[in-house]
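Working notes, beginning with the structure itself.
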Amino acid sequence: MGKATTTRTKARTGAAAGPLAGRHALVTGGNRGIGAAIADRLASLGAGLTLLARDKASLDKVAAKIASEHGGQIATAAADVTDRTALEHAFESARQANGEIAILVNNAGAATSAPFKRTDIELWQNMVDVNLTSVFHCTSLALPAMVEARYGRIVNVASTAGLTGYAYVTAYCAAKHGVVGLTRALALEVARTGVTVNAVCPGYTETDMTARTVANIIAKTGCSEDEARAQLTALSPQGRLIQPVEVASAVAWLALDEQASITGQTIAVAGGEIL
Ligand code: NDP
């Protein structure tokens with residue numbers, strides 16, 4: 001713990017073009033699922049990138065794929081978002097690789113379910129640390145330079161669980177509601193600095209996290225995979241899971257220079273589940 005390792009993947013092409021050219025975006029949880037889709041979308045718009053997560057091998061693999069498709073400067077930093085010291089090292093090496101961070105996407109997260117009576121303090125603390133305190137850490141490491149530059153975009157990937165309740169995930173829901181509260185309060189605090197702070201709130205999205213939820217339902221109830229997936233898609237008026245690229249598209253839109261007046265918002269990407 002306390003250590004972060006960083007690698008930089010060379011760009012295929014020269015200077016990147018696009019509306020985010022010259023902007024450095026750091027995406028936590030950028031090695032798979034929603035985070036990898038966000039990284040890909042930001043790179044396609046010309047942003048330089050740092051991808052941060054714990055698993056170095058998958059970080060480097062995703063970075064190489066994005067570099068080969070979009071070019072641009074892509075660094076990776078292996079760190080645990082619950083480890084402040086490791087994050088300090090990771091953010092410093094990200095700055096050295098790609099300059100000050102202009103766009104921070106707090107996406108890393110985890111969901112463990114349990115009935116409240118079996119939610120012990122360890123599970124509770126882990127959900128708060130990974131999903132909420134991580135956002136505090138990363139934001140506090142990136143914000144001072146954004147305020148100094150009078151420009152910044154902070155996008156927190158919360159969840160519909162940050163806007164409503166679901167049974168058997170009290171700790172996760174509490175943490176994600178906390179992310180929404182942090183988003184709203186900080187947006188007001190920095191409203192005159194050129195920094196915007198918003199949250200994107202996906203419904204059940206087709207990633208490893210949802211695959212684990214499906215496996216969990218099957219293990220607990222003995223139902224089939226189709227039945228387990230139907231329980232999740234039934235929550236959506238559109239009757240389907242969200243695709244990672246749909247979440248990525250909303251995040252990238254919020255990251256654009258022209259969204260300067262959109263701050264303190266929670267955007268549900270959930271097929272109409274939250275109105
Ligand atoms: P995945 O489980 O597919 O990916 C989770 C990501 O977070 C991985 O990149 C993982 O990397 C990283 N991560 C987890 N724990 C840590 C840690 N302690 N330190 C650093 N990185 C960590 O999940 P999704 O892509 O589905 O989820 C991304 C975000 O979207 C999460 O915040 C999640 O809560 C939220 N979300 C997801 C929904 C869904 O249905 N999938 C719905 C609503 C919100 P590594 O393991 O290498 O560290």
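Counting starts at 1 for both ligands and their atoms, following the listed order. Residues: numbered from 1 along the sequence shown. Just so you know, these numbers come straight off a predicted model, no measurement behind them.
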* Look only at interatomic distance and state if Tyr172 has a nitrogen or oxygen under 3.5 Å from any nitrogen or oxygen of ligand 1. => yes
* **Contact with ligand 1 for Ser134, non-hydrogen, under 4.0 angstrom** => no
* Asked: Could an N or O of ligand 1 be found under 3.5 Å from any N or O of Ile34, whether backbone or side chain?
  -> yes
* Relative to ligand 1, is Ala79 under 4.0 angstrom through side chain, backbone, both or neither, heavy atoms considered? -> backbone
* Is the shortest distance from a heavy atom of Thr28 to ligand 1 less than 4.0 Å? -> no
* With a 4.5 Å limit on heavy-atom distance, are the side chains of Val105 and Val157 in contact? -> yes
* Asked: For ligand 1, is Ala161 a contact, meaning one of its heavy atoms is under 4.0 Å away?
  -> no
* To do: Distance to 0.1 Å, residue and atom name: give those for the protein heavy atom nearest to atom 18 (N) of ligand 1.
  => Asp80 OD1, 2.9 Å
* **Contact check: Asn31 vs ligand 1, nitrogen or oxygen atoms, below 3.5 angstrom** => yes
* Backbone or side chain, does any N or O of Ser159 fall under 3.5 Å from an N or O of ligand 1? -> no
* **Closest to atom 30 (O) of ligand 1 among Asn126, Val157, Val135 (heavy-atom distance)** => Val157
* Asked: Do Ile218 and Glu225 have side chains that get closer than 4.5 Å, going by heavy atoms?
  -> yes
* To do: Among all protein heavy atoms, pick out the one at the shortest distance from atom 3 (O) of ligand 1; state its residue, atom name and that distance to 0.1 Å.
  => Arg32 NH1, 3.3 Å
* **Exercise: do Asp129 and Thr82 side chains pair donor with acceptor under 3.5 Å** => no
* Check each of Thr160, Asn107, Asn156 against atom 29 (C) of ligand 1 and report the one with the nearest heavy atom. => Asn107
* Taking both backbone and side-chain atoms of Val81, is any N or O found less than 3.5 Å from an N or O belonging to ligand 1? -> yes
* Flag Ser58 as yes when one of its N or O atoms lies below 3.5 Å from any N or O atom of ligand 1, and as no otherwise. => no
* **Residue pair Asn126, Thr112: steps toward the side-chain hydrogen bond (donor to acceptor under 3.5 Å, both in side chains) verdict** => CA-CA 9 Å; Asn126 178 255; Thr112 304; 4.7 Å; no
* For ligand 1, is there an N or O atom under 3.5 Å from any N or O atom of Gly29? -> yes
* Asked: For Glu206, is the nearest heavy atom under 4.0 Å from an atom of ligand 1?
  -> no
* Gly109 heavy atoms, cut-off 4.0 Å: which ligand 1 atoms fall inside? -> 5 (C), 7 (O), 14 (C), 31 (C), 32 (O)
* Check each of Met127, Arg212, Met209, Lys56 against atom 33 (C) of ligand 1 and report the one with the nearest heavy atom. => Met209
